[in-house]
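What follows is a set of notes on a single structure, which appears directly below.
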Amino acid sequence: MNQRKNFLYIRDAFLLEGFACSTKRFHDGKIHRWVKDGEEWHGAYQACKKEFSLPIEQLMLLLIYTVSLAGRDQEQHIINKNKIDEIIEQYGLENLIKDLSTELDEDGRNEKTEFTIALNAILKFELPK
């Protein structure tokens with residue numbers, strides 16, 4: 001059985017992948033255009049999704065991905081939100097978050113608070129019409 005990865009670990013891995021995707025845009029002294037806004041975060045999600053397979057990890061990764069897009073890709077936001085809703089419906093939010101840590105890390109952050117901030121941002125957000 002896989003040992004569950006911490007929300008902060010998943011967020012750091014995702015941000016590092018996004019940074020790597022962005023770095024690849026620099027060639028021969030130029031920054032090459034993106035095809036689509038938020039493409040770096042899509043690349044980060046694709047790179048990370050196989051590594052995090054537990055339902056809570058998938059939920060965490062989708063939250064991080066969706067927050068990173070910050071509404072810039074409305075179609076992807078809706079797709080992600082639907083996946084988030086499906087995971088919560090299938091496994092139950094209380095069951096998913098029951099093992100989140102409240103222990104502070106070296107930066108004074110805790111997993112449960114950071115996760116809750118991201119979750120609330122997504123669940124309360126409405127895309128402009």
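Because the structure is a prediction, the values reported are computed rather than measured.
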List the atom of [X], the atom of [Y], and the distance in Å for their closest heavy-atom pair.
X: Gly18; Y: Ala44; value: N-CB, 3.5 Å
X: Gln58; Y: Ser53; value: NE2-O, 2.8 Å
X: Ser68; Y: Ile64; value: OG-O, 2.8 Å
X: Tyr9; Y: Phe52; value: CE2-CE2, 3.8 Å
X: Leu100; Y: Arg4; value: CD2-NH1, 3.7 Å
X: Asp107; Y: Asp105; value: N-OD1, 2.9 Å

Euclidean distance, [Y] [atom2] relative to [X] [atom1], rounded to 0.5 Å:
X: Asp99; Y: Leu54; atom1: CG; atom2: CG; result: 10.5 Å
X: Glu40; Y: Thr23; atom1: CD; atom2: OG1; result: 11.0 Å
X: Leu119; Y: Lys124; atom1: CG; atom2: NZ; result: 9.5 Å

Looking at side-chain heavy atoms only, is the closest gap between [X] and [Y] below 4.5 Å?
X: Asn80; Y: Leu69; result: yes
X: Tyr65; Y: His42; result: yes
X: Thr66; Y: Lys81; result: no
X: Leu8; Y: Arg109; result: yes

* Does one hydrophobic cluster hold both Ile122 and Leu93, with members joined at side-chain heavy-atom distances below 4.5 Å? ->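 Same cluster.
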* With the 4.5 Å side-chain cut-off for hydrophobic clustering, are Leu123 and Leu62 part of the same group? -> yes
* Asked: Are a donor atom and an acceptor atom from the side chains of Lys98 and Asn95 found within less than 3.5 Å of each other?
  -> yes
* Indicate whether the side chain of Asn82 and that of Glu86 have a donor and an acceptor atom separated by less than 3.5 Å. => no
* To do: Determine the sole option in Leu15, Leu59, Leu61, Ile56 for which the side-chain contact (heavy atoms from CB on, under 4.5 Å) test with Ile10 is passed.
  =>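 Exactly one pass, corresponding to Leu61.
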* Which of these, Glu111, Glu57, Met60, sits in a side-chain contact (heavy atoms from CB on, under 4.5 Å) with Asn6? ->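 When side-chain contact (heavy atoms from CB on, under 4.5 Å) is applied between Asn6 and each of Glu111, Glu57, Met60, only Glu111 qualifies.
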* Hey, can you tell me if Phe14 and Trp41 have their rings parallel, tilted or perpendicular (30° and 60° cut-offs)? => parallel
* Asked: In the hydrophobic cluster built from side-chain contacts under 4.5 Å, what are the other members alongside Phe26?
  -> Ile31
